[in-house]
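Proteins come first, then strands; the chains are lettered A, B, ... in the order of their sequence lines, and each starts at number 1.
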Number of protein chains: 2
Amino acid sequence: MKPYILIAEDEDALATLLEYNFQKEGYEVGVASDGDEVLVMADERTPDLILMDWMMPKLSGVEACRRLRRKSETRNTPIIMLTARGDETDRITGLDYGADDYVIKPFSTPELLARVRAVLRRTQPGLLDDIIRHGDIEIDVKAFRVRRGETEIHLGPTEFRLLDHFMRHPARVFSREQLLDAVWGRDVYVEARTVDVHIGRLRKALKKAGGGDPIRTVRSAGYAFEIKTKGA
Amino acid sequence: MKPYILIAEDEDALATLLEYNFQKEGYEVGVASDGDEVLVMADERTPDLILMDWMMPKLSGVEACRRLRRKSETRNTPIIMLTARGDETDRITGLDYGADDYVIKPFSTPELLARVRAVLRRTQPGLLDDIIRHGDIEIDVKAFRVRRGETEIHLGPTEFRLLDHFMRHPARVFSREQLLDAVWGRDVYVEARTVDVHIGRLRKALKKAGGGDPIRTVRSAGYAFEIKTKGA
DNA sequence: TATATGTTTCACAAAATTGTCACTATATGA
DNA sequence: TCATATAGTGACAATTTTGTGAAACATATA
């Protein structure tokens with residue numbers, strides 16, 4: 001539900017600082033300390049954005065960048081490079097290999113955050129929105145509210161995150177495992193069938209506010225959120 | 001704290017003129033020169049009011065307007081549109097997308113300033129003086145007073161700052177940690193649950209003056225201040 | 001120093017939420 | 001149509017989270 005940012009930085013102090021600041025800003029953060037690790041971690045969970053140090057052990061930032069561009073999951077994942085001051089050659093090379101933006105060290109945290117937001121906005125429209133609407137259903141993530149038509153809907157935390165996830169990826173079918181990963185978290189051991197129960201609870205809550213069932217069951221595959229929108 | 005006005009205007013000469021005049025009038029001013037930049041800047045610091053040119057590069061004023069309305073921080077930020085003379089169609093479209101007022105170019109500076117004051121007074125009471133009001137609850141920051149309806153309420157310093165914070169960010173859910181940061185201070189070591197106790201006291205004090213509980217508990221997330229006002 | 005005022009922590013009760021299971025309902029395909 | 005796999009759902013015990021009174025502590029004031 002939160003945007004997931006992968007930070008690749010071998011300098012511990014900086015990595016920790018960045019992790020702290022991004023978490024505080026509401027992102028989920030993964031930290032990789034060399035080029036190899038970035039690739040592994042990006043494989044485990046596709047990040048919404050990668051922040052990559054130019055100089056790293058094992059595999060340089062450029063090279064990691066190039067490899068990421070060769071995998072279909074990360075082909076379009078935005079990458080922001082962190083580089084030392086003033087190397088124009090690097091700048092050009094990096095952009096060639098598919099970085100989306102550059103930040104020159106040293107940088108201020110607000111500046112970096114702004115760049116990240118700008119890139120996310122450009123590449124993943126809707127990811128940063130905190131009010132999402134589909135048909136007559138609207139959620140406000142900052143206010144933790146759900147409405148359907150005129151009716152306020154109360155959801156438990158899990159149902160809320162579930163709906164949030166669905167509404168950010170409408171019409172797409174998710175397996176129970178994918179939902180557990182995205183909504184519960186990747187390291188929780190929970191029965192897959194538990195998803196069914198929460199889907200049921202979410203459906204009941206949405207139904208109580210009137211209107212059809214926006215969640216489609218895809219037998220032997222999973223669930224998808226779909227709602228016929230009439231107007232904009 | 002001066003009101004912060006964000007000016008979105010691609011024509012340099014006009015932008016500079018506006019900046020100068022508003023600063024002279026005691027506002028803090030940010031200038032964005034295209035539609036994208038408005039979004040970025042509004043993200044960095046939520047403006048108290050946005051002055052937006054109708055025609056801008058990259059992202060038109062209307063579109064920027066629409067996007068701003070999708071973020072909870074800027075959902076209610078007043079927007080004044082600057083448009084070329086006489087386009088009634090635009091006027092209607094713009095109001096649809098949530099602009100609060102219109103000023104037709106060319107305009108006189110005093111006229112614009114007056115419009116801005118009017119809109120600020122209407123939408124952000126307490127910004128120009130030090131009184132904030134929501135529903136029947138009113139706080140006077142300078143005088144350190146709280147009233148609900150006709151009743152004076154006495155609050156301890158912490159409860160006062162807590163209410164102040166809530167009323168400046170209505171409807172938004174804050175975690176206990178965020179509240180500690182904002183109300184207690186960045187570097188205080190206090191148990192998160194202490195917030196609960198102060199919320200409880202604040203609630204009790206507000207209840208004693210009659211009316212419903214304006215503080216909403218959001219399980220596993222935090223608290224939000226919300227008061228049902230009937231009119232817009 | 002005594003008193004008033006306000007803050008923090010703690011402990012326990014109350015309430016909401018969760019995950020699992022058992023059972024039922026429904027779809028699928030031979 | 002029947003057998004089988006898959007999904008829906010009510011119940012419930014365990015867990016998590018919140019509300020709150022009271023004690024301990026802190027600070028200012030007379």
Side-chain angles (χ1 to χ4, degrees), chain A residues 1 139 144-146 152-166 173-208 212-226, chain B residues 144-146 152-166 173-208 212-226:
Chain A
M1 121 176 188
I139 71 176
F144 275 83
R145 294 183 148 290
V146 181
E152 280 284 339
I153 296 178
H154 173 85
L155 295 179
T158 307
E159 279 83 51
F160 186 87
R161 288 199 304 274
L162 189 56
L163 179 60
D164 180 49
H165 179 71
F166 272 132
V173 178
F174 292 99
S175 70
R176 292 176 176 72
E177 284 71 24
Q178 288 175 314
L179 289 173
L180 284 175
D181 261 18
V183 176
W184 275 255
R186 91 215 42 280
D187 32 34
V188 193
Y189 170 65
V190 176
E191 291 291 321
R193 290 297 313 278
T194 299
V195 173
D196 296 29
V197 177
H198 283 277
I199 291 278
R201 286 177 184 148
L202 178 54
R203 275 176 166 152
K204 186 152 84 174
L206 291 174
K207 195 165 80 178
K208 222 169 48 178
D213 180 4
I215 298 174
R216 183 164 62 97
T217 302
V218 182
R219 198 160 228 264
S220 80
Y223 299 94
F225 179 88
E226 248 159 59
Chain B
F144 217 81
R145 294 162 87 78
V146 182
E152 280 283 334
I153 296 177
H154 172 81
L155 293 180
T158 307
E159 278 85 50
F160 187 86
R161 287 200 304 275
L162 189 55
L163 179 60
D164 180 51
H165 179 69
F166 272 133
V173 175
F174 293 97
S175 70
R176 292 175 177 72
E177 284 72 23
Q178 289 175 315
L179 290 172
L180 285 174
D181 261 17
V183 175
W184 275 254
R186 221 155 288 281
D187 32 32
V188 191
Y189 170 66
V190 176
E191 291 290 320
R193 289 298 311 277
T194 300
V195 174
D196 295 30
V197 178
H198 285 276
I199 291 278
R201 279 208 281 269
L202 178 53
R203 274 176 167 152
K204 188 151 80 172
L206 291 173
K207 196 165 80 180
K208 223 168 47 178
D213 180 3
I215 297 176
R216 182 166 66 105
T217 302
V218 180
R219 201 149 228 269
S220 85
Y223 299 94
F225 178 89
E226 235 160 284

Of A:Val190 and A:Pro157, whose nearest nucleotide on DNA chain C comes first from the 5' end?
-> A:Pro157

Exactly one candidate in B:Val218, B:Asp196, B:Val173 meets side chain to side chain contact (heavy atoms under 4.5 Å, CB included) with B:Tyr223; the answer is B:Asp196

Matching residue for A:Glu159 among A:Ile199, A:Leu202, A:Leu206 - test: side chain to side chain contact (heavy atoms under 4.5 Å, CB included) | A:Leu202

How many Å lie between [atom1] on [X] and [atom2] on [N], as a whole number?
| X | N | atom1 | atom2 | answer |
| --- | --- | --- | --- | --- |
| A:Lys207 | D:dT9 | NZ | P | 7 Å |
| A:Tyr189 | D:dA14 | OH | P | 18 Å |
| A:Arg176 | D:dA5 | CZ | C1' | 12 Å |
| A:Arg216 | D:dG8 | CZ | C1' | 17 Å |
| A:Leu155 | C:dT18 | CG | P | 10 Å |
| A:Glu159 | D:dT9 | CD | C1' | 14 Å |
| A:His154 | D:dT18 | NE2 | C1' | 13 Å |
| B:Asp196 | C:dA11 | CG | P | 16 Å |

In B/S/- notation (B base, S sugar-phosphate only, - none; protein heavy atoms under 4.0 Å), nucleotides 22-30 of chain D written 5' to 3' is ---------

In B/S/- notation (B base, S sugar-phosphate only, - none; protein heavy atoms under 4.0 Å), nucleotides 23-30 of chain C written 5' to 3' is ---BBS--

Partners passing salt bridge (charged side-chain N to carboxylate O under 4.0 Å, His left out) against [X] (at least two apart in sequence or in another chain):
| X | answer |
| --- | --- |
| A:Arg203 | A:Asp213 |
| A:Arg219 | none |
| A:Arg201 | none |

Phosphate-side-chain proximity, [X] and [N], N/O vs OP1/OP2 below 4.0 Å:
| X | N | answer |
| --- | --- | --- |
| A:Thr194 | C:dT20 | yes |
| A:Trp184 | C:dG19 | yes |
| B:His198 | D:dT20 | no |

When all nucleic acid strands are considered with a 4.0 Å heavy-atom cut-off, which category describes A:Tyr223: base, sugar-phosphate, or nothing?
-> sugar-phosphate

Hey, does A:Thr217 reach any base, or is it just sugar-phosphate, or nothing, if we go heavy atoms under 4.0 Å?
-> sugar-phosphate

At what distance, to the nearest 0.5 angstrom, does CZ of A:Phe144 lie from CG of A:Leu155?
-> 11.5 Å

Hey, can you tell me if A:His198 and A:Trp184 have their rings parallel, tilted or perpendicular (30° and 60° cut-offs)?
-> perpendicular

Are A:Phe225 and A:Phe174 close enough, and set up right, to give a side-chain contact (heavy atoms from CB on, under 4.5 Å), and what steps lead you there?
-> CA-CA 9 Å; A:Phe225 179 88; A:Phe174 292 99; over 6 Å; no

Contact nearer the 5' end of DNA chain D, comparing B:Ser220 with B:Lys204 | B:Ser220

Which atom pair, heavy atoms only, marks the closest approach of A:Ala192 to A:Arg176?
-> O-CD, 3.5 Å

With sequence neighbours left out, the residues meeting side chain to side chain donor-acceptor pair (under 3.5 Å) with B:Glu177 are none

